[in-house]
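Just so we're clear, the structure is a prediction, and the values are computed from it rather than from any experiment.
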Amino acid sequence: MDNNIKTWLFDIWSSINEIEGYFFNQSMQFQNYQKDMRTKRAVERNIEIIGEAMNRILKENNEIQISDSRKIVAVRNRIIHGYDSVSDEVIWGIVVKQLPILKAEVEKMLSE
């Protein structure tokens, strides 16, 4: 695997770990997330990083096998360009449903 792709995969992995760290001392409940503006912005920023890293990976190798890779880039674009229409519910759904899958896929690729 190309070193650039490994770097970007590591960036994705690091951003997911950082998001998980925001909930280390509290239960992962939507109500807690929704009330904490700092955490919301930090999560959104890390999703932007994940999306940009994924975009770079796809430009380098569009055959890469990562679930919903194009949707990840689309979410990044939505957060950046449509910041005023970003839904807390959508972001939370990504955090609890999609990021664990993405993390497992990235970890597998990094271990190869």
Side-chain angles (χ1 to χ4, degrees):
M1 181 184 308
D2 178 88
N3 281 336
N4 285 334
I5 291 177
K6 282 184 181 179
T7 298
W8 297 321
L9 287 170
F10 183 77
D11 291 343
I12 292 170
W13 182 82
S14 296
S15 290
I16 293 170
N17 282 333
E18 191 169 319
I19 290 170
E20 291 172 346
Y22 299 142
F23 304 100
F24 182 71
N25 289 326
Q26 60 179 322
S27 63
M28 284 189 66
Q29 294 187 6
F30 177 67
Q31 295 80 8
N32 295 339
Y33 168 77
Q34 197 172 34
K35 287 187 237 176
D36 186 351
M37 184 61 71
R38 230 182 322 178
T39 299
K40 284 175 26 175
R41 293 297 180 247
V43 167
E44 290 171 6
R45 174 65 179 142
N46 276 287
I47 291 174
E48 290 173 3
I49 292 168
I50 291 166
E52 180 61 23
M54 184 63 65
N55 190 42
R56 292 177 184 189
I57 290 168
L58 292 172
K59 284 181 180 177
E60 187 89 12
N61 179 357
N62 64 359
E63 300 294 319
I64 201 135
Q65 296 297 312
I66 296 178
S67 301
D68 298 322
S69 56
R70 299 275 180 218
K71 287 182 181 179
I72 294 167
V73 175
V75 168
R76 172 245 183 229
N77 292 338
R78 177 71 177 257
I79 292 170
I80 290 174
H81 301 293
Y83 66 90
D84 55 342
S85 64
V86 174
S87 161
D88 290 345
E89 291 81 5
V90 169
I91 298 298
W92 186 249
I94 291 167
V95 168
V96 297
K97 295 177 185 169
Q98 304 308 123
L99 290 186
I101 296 166
L102 179 59
K103 184 178 182 181
E105 291 177 345
V106 168
E107 285 175 342
K108 183 176 185 253
M109 294 176 81
L110 285 172
S111 69
E112 294 174 350

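What you find for Ser15 and Ile49 is that their closest heavy atoms are OG-CG2, 3.3 Å. Across all their heavy atoms, Ser85 and Arg78 have their closest contact at OG-NE, 3.1 Å. Across all non-hydrogen atoms, the minimal contact from Thr39 to Asp36 is OG1-OD2, 2.6 Å.
Side-chain atoms of Arg45 and Ile79, non-hydrogen and from C-beta on, never get closer than 4.5 Å to each other. Side-chain contact between Val96 and Phe30: absent, with no pair of heavy atoms (C-beta onward) separated by less than 4.5 Å. Considering only heavy atoms from C-beta on, Asp11 stays 4.5 Å or farther from Arg56 through its side chain. Put simply, the side chain of Leu58 reaches to within 4.5 Å of the side chain of Arg70, judged on heavy atoms. The shortest distance between side-chain heavy atoms of Asn61 and Ile57 does not fall below 4.5 Å. Between Glu20 and Lys103 there is a side-chain heavy-atom pair separated by less than 4.5 Å. Taking the side chain as every heavy atom from C-beta outward, Ile12 and Ile72 never approach each other to under 4.5 Å. Residues Tyr33 and Ile91 form a side-chain contact, since some pair of their non-hydrogen atoms from C-beta on lies under 4.5 Å apart.
A donor-acceptor pair is defined here as one N or O able to donate and one able to accept, closer than 3.5 Å; such a pair exists between the side chain of Gln65 and the backbone of Glu63.
Both Met28 and Val90 sit in one connected hydrophobic cluster of ILVMFWY residues. Membership requires side-chain heavy atoms under 4.5 Å apart, directly or through other members. Tracing side-chain contacts under 4.5 Å through hydrophobic residues (I, L, V, M, F, W, Y), one reaches Ile66 starting from Phe10; they form part of the same cluster. In the hydrophobic clustering of ILVMFWY residues, with side-chain heavy atoms under 4.5 Å counting as a link, Ile80 and Val73 come out apart. Criterion: ILVMFWY side-chain heavy atoms under 4.5 Å apart, direct or through other members. Under it, Ile101 and Ile16 are not part of a common hydrophobic cluster.
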| request: Apply side-chain hydrogen bond (donor to acceptor under 3.5 Å, both in side chains) to Asn46 and Tyr22, showing your working. | output: CA-CA 11 Å; Asn46 276 287; Tyr22 299 142; 2.9 Å; yes

| message | Could you go through Ile19 and Ile47, starting from their C-alpha distance and side-chain angles, then the distance that decides it, and tell me whether this counts as side-chain contact (heavy atoms from CB on, under 4.5 Å)? | response | CA-CA 9 Å; Ile19 290 170; Ile47 291 174; 4.1 Å; yes

| Candidate pair Lys6 and Asn3, rule side-chain contact (heavy atoms from CB on, under 4.5 Å), full reasoning | CA-CA 5 Å; Lys6 282 184 181 179; Asn3 281 336; 4.3 Å; yes

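The NZ atom of Lys59 lies 13.0 Å from the CG atom of Asn4; values are rounded to the nearest 0.5 Å. The CD1 atom of Ile50 sits 11.5 Å away from atom CG of Leu9, with the distance rounded to the nearest 0.5 Å. Here the straight-line distance linking atom CE of Met54 with atom NZ of Lys71 works out to 13.5 Å at 0.5 Å rounding. Note that CD1 of Ile94 is 10.5 Å distant from NZ of Lys97, once rounded to the nearest 0.5 Å.
Other residues, nucleotides and ligands contribute more than 12 heavy atoms inside 6.0 Å of the CG atom of Asp2.
Looking at Glu112 and Lys108, a side-chain N of the basic residue comes within less than 4.0 Å of a carboxylate O on the acidic one, giving a salt bridge. Note on Glu44 versus Lys40: no salt bridge recorded, every NZ/NE/NH1/NH2 to OD/OE distance being 4.0 Å or above.
Ring-plane geometry between Phe23 and Trp92 is classed as perpendicular, the angle between the planes exceeding 60 degrees on a 0 to 90 degree scale with a lower cut at 30.
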